[in-house]
Amino acid sequence: MEGVLSNYRGKNALEVGIGSGYLTRILCSNFEFVVGTDIDVNSIIYAKNNALAKFSNKLLVCTDLSLPL
């Protein structure tokens, strides 16, 4: 999956179920703005403080799928 995501670039991206933020990190490198969602608040906190700590072009939302968006 990482190899596939590395080929895409653009303005906006949405990832549903970010988990640890590993793939979201690739999206943040290749897209201007990334929205990441997860149903587990602990996943959001972990990703924010670890894999995604250096990226400012993200919005992380704790939600069931992309319902509020």
Side-chain angles (χ1 to χ4, degrees):
M1 186 64 118
E2 179 179 355
V4 173
L5 284 180
S6 296
N7 295 324
Y8 290 94
R9 300 195 182 314
K11 189 168 183 167
N12 299 304
L14 168 65
E15 182 180 6
V16 176
I18 68 167
S20 68
Y22 178 76
L23 295 176
T24 315
R25 175 182 51 85
I26 298 167
L27 293 173
C28 285
S29 294
N30 295 345
F31 286 82
E32 292 179 33
F33 188 72
V34 177
V35 175
T37 69
D38 204 291
I39 196 168
D40 181 13
V41 69
N42 293 315
S43 290
I44 296 288
I45 294 168
Y46 180 85
K48 177 184 174 192
N49 293 327
N50 291 282
L52 305 175
K54 72 174 187 174
F55 295 100
S56 61
N57 63 329
K58 67 187 180 303
L59 171 65
L60 303 178
V61 182
C62 184
T63 183
D64 185 4
L65 298 173
S66 58
L67 186 64
L69 304 175

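Think of V41 as one node in a network of Ile, Leu, Val, Met, Phe, Trp and Tyr side chains linked at under 4.5 Å; its network also takes in I45. In this structure, I18 shares a hydrophobic cluster with I44, L52, F55, L60, the cluster being traced through Ile, Leu, Val, Met, Phe, Trp and Tyr side chains under 4.5 angstrom apart.
When side chains are defined from C-beta on, T24 does not count as touching K58, because their heavy atoms never get closer than 4.5 Å. Contact check for T37 versus L14: side-chain heavy atoms found under the 4.5 Å cut-off.
Judged purely by atom type and a 3.5 angstrom limit, D64 has no side-chain atom pairing as donor or acceptor with the backbone of I39.
Checked against side chain to side chain contact (heavy atoms under 4.5 Å, CB included), Y46 has the following partners two or more places apart in sequence or in another chain: S20, N50.
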In residues 4-13, what donor-acceptor pairs under 3.5 Å come from side-chain atoms, sequence neighbours left out?
{"from": "S6", "atom 1": "OG", "to": "E2", "atom 2": "O", "distance (Å)": "2.9"}
{"from": "N7", "atom 1": "ND2", "to": "G3", "atom 2": "O", "distance (Å)": "3.3"}
{"from": "R9", "atom 1": "NH1", "to": "N30", "atom 2": "OD1", "distance (Å)": "2.5"}

